Structure formats: structure tokens, C-alpha cells
Q: 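Here it is: the structure, laid out below.
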There are 2 protein chains.
Amino acid sequence: MTSTASLHEFCARRGDVATPCRHCGAREFNICQALDAAQQDKLLALATRLQLGKRERLFAAGDPARHVYNLTEGAVSVSRSLADGRRQILGFLLPGDFLGLEPGESHHCDAETLTEAKVCRFERTTFETFLQDNPEVALRLLRIASSDLAQAARHELLLGRKTAVERIATFLLDLRDRSGARHLRTHPLALPMTRSEIADYTGLTIETVSRVLGRLRSGKVIELVGASAVRVLDDEELERLSGAS
Amino acid sequence: MTSTASLHEFCARRGDVATPCRHCGAREFNICQALDAAQQDKLLALATRLQLGKRERLFAAGDPARHVYNLTEGAVSVSRSLADGRRQILGFLLPGDFLGLEPGESHHCDAETLTEAKVCRFERTTFETFLQDNPEVALRLLRIASSDLAQAARHELLLGRKTAVERIATFLLDLRDRSGARHLRTHPLALPMTRSEIADYTGLTIETVSRVLGRLRSGKVIELVGASAVRVLDDEELERLSGAS
DNA sequence: CCGGGCGTTTGATCCTGCTCAAAGCGCGCC
DNA sequence: GGCGCGCTTTGAGCAGGATCAAACGCCCGG
């Protein structure tokens, strides 16, 4: 069951999520950091839990933005495409991550699962009412949005100014940092996305992604464990190659 | 007085700012859209007004994030750089725009004026208290942050997947849309940024920026008015060349 | 009115990463 | 356990944009 394996891999929690992985229950939303138990229950009462398959779409650009979501299990890609099909992946979301907030009436990007996934879905209107009644959640969400903006800035720097090797090195380090520290050295780092998705995240082609990974492998910086896992052998070298901002 | 001229050019208001330009007074902050007159006065009482010169730095990456700002006059660039000096400009800010919000304790990017500028500065702690007491402002700010994220997404698509011509065409159209509609056809569009800054925004080099602008000019799509203004002659063609998302 | 400096334009050449092509291989299905 | 499809790797050649270099021109100060 490879999909389950990588799904578990991705239950590894982000740094700012306090509680350990209990199969990524809803109380571990990033937005719940600001809430006491009673408020958490109130919020959870508003949620619809959804189980999604692999490569299932949550929403597409242009869809009316009726819901917001919180990922609790699995991994999701968020992307935006040109009319001719060229695609830019904006980010990969992991459990705890929040998505779907829009300034206007419709979604401005696509969201699709990479693995099987579970999300909690909220009616946008209901959620906004909850925010009005719970300002500390609104502030927490503001902090999350600021954090997303800072990540977007790093990604813009990667896309606009980094070389292919720097992009891949940065991508691997990001993924490593966001996955649980318990996996390092022991387990290899899971790559639930295809080469095509790595390419669309880094602004490269699949061939270049493959070649760069190959070069890192022959340079003993990483070890490829099948096509969808990597073990980092030389952290310092990878850091150096990433062109640390 | 070229700097004053382009400063006025840039007082042209954004679409979502209701009131017309009265030399960009503080009541026209984007965040003020959510406030009644009494709340506006309360907010303004917390502000320090600053007058800034050309190419003056508001803050740099790594600086402790002690303040947030609202631009009221002039133009500002927000950027992020690598250790070796490669720079990516994340965006150009116009009057009404808000900046400086951070998820952590320090700024993650640089902000610098392009022209002479005026800003209202708030102590971060004071401002956060105000947000707690005025949830509708927090929600307004959340909407602004979402809008910034959507803009960042468009920029990532530009940097990762668009050709040189598409990047420049998109840049010109963005700038046109954000400047006041009253300038179109009549006045040319002011470019308060240098070629180097356009290059750092579009992820190109100054030579490529210059060449692409030259090609657009010989194709009668635009007309260059000196080096720091452009008149759009053929909107439809420019739109087509931008690879509309 | 002239001279200097910086930002911009233009030209020639180079190189990184893309395109096109084909072989390899791992996974899932039967 | 074997087969076939789709993802990945590898190779050869190409091109878009970068780099290096030099001329232009605008703005400002003297």
C-alpha cells in the first residue's frame, strides 16, 4: 500500500503545530492554535469532513468560492495555469494547512490532492461569521496568511532568480523542513508528487528535474530511493547548493 | 521637477479605493474601507506620518518588525535578495497599499521607495491591539492579505512559466490597471522604476527588458515617451501578448 | 552652452535549460 | 508471476535569454 505509506509520511507535523500526530485529527488545525477547547468544539460543529481520493480536485480557478478548507491528512497541490496548459504549482500543502480563502467571489487557483486525503470543509459565510465572533481566530488566520505571503516571496525568488540546481536543492530542503524531523536519516523523505509536479513547482521541465536529481545523486549529496523518495546524505552541501537567501 | 510629476502620476487610485485623490490623505487607506469616521480618527491617532526621499529604505530583511506601514503618496518596491546580490522584486506598491505585516519577529523582505513618498507608520503592538478591538479591521486586513496572495500567485505564474514578451506585457497591463483610468490615452503611463527594477520584477535582465520594449515599440503596440513613460497604443495586442492566464 | 555621468539601447556571442526522441523500469493489474 | 502502461531517465541538438561589450542620449551641473 504505497499510497497509505506516503500518506503516513505526510502526517508528519509542521513546526508550528504543537500536538503530535494522532492521525491528524481536526483539533490539530493550524487555526486551532488560538482556540480553547470550547471554541474548538464550536468550530468543529461547523465542519463537514470529506475523504478524498488521489488526484481529486477540491476546486478550480474561477469556481465560486463557497467553502474554505483545512487539510487534515494527505497532501494537496495548489496551482495556476495559462490558457495553453502551462502550469505553475504555487505550493504543496500538508496536514494542518488551511486553503481556499479568497478576496473575491471566486477561486483564483486550482487545488488538487496528490495522495488520498481528508479535509474539513466550512461554508465560507458560516466561517466568516465565526471569525467575526472570534477575533483571535481572525488574527491567527492573518498570521497564517502572512506566513503564506512570506513563503510566496521565497518562491518568487526561487522562480525569478535561482538556477536549476538551486531550485531543486531549495525544494528538497523546504520539503525536509516541513516534514517531521523524526524521519530524517532514519526514513528517507517521501516525494508524493511526480517529476511533472516538481517541474511545475520549480518552473523547470521534467527532464531538467530528473537530470539535476541525477547529478545530485552522482555527487553523493542525495540518494534516490525508488522514484518517490530521497535520502539527504550531505545536508551542508545541499544547503550550499540552495543558494541560501 | 520630474520626481513630483511621477509622484502625482502615482496618486492615481486603485480600483478598490472609493474616494478620489485628495493628495492621498490617510483616510484613503485600503484598511479604512471597513471603518466609520470615529474609528478612522482612532486609527489615525495611532499613526506617525513620515516623509521619505527617493530610494530611501523603509526596512530590510532581517530587521525586527516593529512597525507596519500604509503608503499614502509615492511608490515603493518590495524585494528579496540572495547573498550574492541577485534580487527579486516582489511587487510595486502604490498609494493606499499596506505593508510590513509579518508572521514572525522580523521582516522577510526589503522595502524601498522608488519616488519621494509619504507613509503612515504604526507601532506593531499598538496596531495589533487596535485589530483585537476592531475585528472588522482585522477581517479587512485578511481580505487585503488574500488579495496580496492572489497577486503573488499571478506573479509566480509569470516568473515560472511566461516568456520574456509575456512578462513585459503582463507587467505593463498590471501597472496600467492599477494606475488611474483617467491617465489612459491622454497621459502616458509613468514608469517610476528603472529598467533594472523592471528586470528584477520580471526575472529578466535589463538588456532583455530593453529589447522587448524596443520590439513592442517597433510593432506599434506601445510608444516610449522618454525612458520612464509608456503609451499603450494597442490594448488588444498587448493583452494577447500577455498570455492572459 | 558645453561636458560628464549614469541609465538605456544595441550588437555579438555564449550557455543554461528546453525540445524532441528513445530507452529503461517500476508499479499495478490481471 | 508476467505483462503493459505510464513515469522516469538519458541523450542529442536547439534556442531563448544571459553575458560581455560598446555606443547612445538624456539630464544635470558647471
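A quick note: this is a predicted structure, and the numbers were derived from the prediction, not measured. All heavy atoms count here, side chains included; hydrogens, waters and symmetry mates do not. Letters go in sequence order (proteins before strands), and every chain restarts at 1.
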Q: With heavy atoms under 4.0 Å as the rule, sort A:S210 into base, sugar-phosphate or nothing.
A: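 A:S210: base contact, heavy atoms under 4.0 Å.
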
Q: At 4.0 Å (heavy atoms only), tell me whether A:L213 reaches a base, stays on the sugar-phosphate, or touches nothing.
A: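 Touches nothing.
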
Q: Between B:I168 (CD1) and D:dG16 (C1'), how many Å, whole number?
A: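 That distance rounds to 14 Å.
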
Q: To the nearest angstrom, how far is A:L191 atom CG from C:dC27 atom P?
A: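 Distance, rounded to whole Å: 13 Å.
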
Q: How close or far is atom P of D:dC24 from atom CZ of B:R195, stated in whole angstroms?
A: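 Rounding to the nearest Å, CZ of B:R195 and P of D:dC24 are 19 Å apart.
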
Q: Can you tell me the distance, in whole Å, between the NZ atom of A:K162 and the P atom of D:dG17?
A: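 These atoms are roughly 22 Å apart.
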
Q: A:T163 or A:A227: which one's nearest nucleotide on DNA chain C is closer to the 5' end?
A: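 Its nearest nucleotide being more 5', the pick is A:T163.
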
Q: Over how many whole Å does the gap from A:L216 atom CG to D:dT9 atom P extend?
A: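 Computing the A:L216:CG to D:dT9:P distance gives 12 Å.
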
Q: Below 4.0 angstrom from OP1 or OP2 of D:dG17, is there any side-chain N or O of B:T205?
A: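 Result: no.
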
Q: Give me the ring orientation class for A:Y201 and A:F92: parallel if the planes are under 30° apart, tilted from 30 to 60°, perpendicular past 60°.
A: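 Because their plane-to-plane angle lies in the 30° to 60° range, the rings of A:Y201 and A:F92 count as tilted.
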
Q: Pick from B:R87, B:R86, B:R80: which one makes a salt bridge (Lys or Arg N to Asp or Glu O under 4.0 Å) with B:D200?
A: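 With B:D200 as partner, salt bridge (Lys or Arg N to Asp or Glu O under 4.0 Å) holds for just one option, B:R87.
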
Q: Would you kindly give the CD-to-P distance between A:E166 and C:dG17, to the nearest whole Å?
A: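 Rounded to whole Å, this separation is 9 Å.
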
Q: Between A:R211 and A:R161, name the one whose nearest nucleotide on DNA chain D is closer to the 5' end.
A: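 Nearest nucleotide further toward 5': that of A:R211.
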
Q: So that I know where these two stand, are B:Y69 and B:F98 an aromatic pair - ring centroids less than 6.0 Å apart?
A: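 Centroid distance B:Y69-B:F98: not below 6.0 Å, so no.
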
Q: If you assign A:G226 and A:G203 each to the DNA chain C nucleotide with the nearest heavy atom, which residue ends up on the more 5' nucleotide?
A: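 Closer to the 5' end of DNA chain C: A:G203.
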
Q: Counting just side-chain N and O atoms, does A:R217 come under 4.0 Å of either OP1 or OP2 of D:dT10?
A: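 Yes, A:R217 has a side-chain N/O under 4.0 Å of OP1/OP2 on D:dT10.
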
Q: Need one value for B:T194: base, sugar-phosphate or nothing, where a base atom within 4.0 Å counts as base even if backbone is also close, heavy atoms only.
A: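 Touches sugar-phosphate only.
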
Q: Nearest of C:dG17, D:dG17, D:dT9 to any side-chain atom of A:L224?
A: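 Closest nucleotide among those given: D:dT9.
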
Q: What I want to check is whether the side chains of B:K162 and B:T170 have a donor and an acceptor closer together than 3.5 Å.
A: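 Distance-only check passes for B:K162 and B:T170.
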
Q: What are the two closest heavy atoms between B:G203 and B:L159, and how far apart are they?
A: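 In this case the closest contact between B:G203 and B:L159 is N-CD2, 3.8 Å.
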
Q: Atom CG of B:L114 and atom P of C:dG7: how far apart are they, to the nearest Å?
A: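 Computing the B:L114:CG to C:dG7:P distance gives 14 Å.
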
Q: Rounded to whole angstroms, how far apart are CG on B:L204 and C1' on D:dG16?
A: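 These atoms are roughly 11 Å apart.
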
Q: On a plain distance test, is the side chain of A:E197 in donor-acceptor contact with the base of D:dC7 below 3.5 Å?
A: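 Result: no qualifying N/O pair found.
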
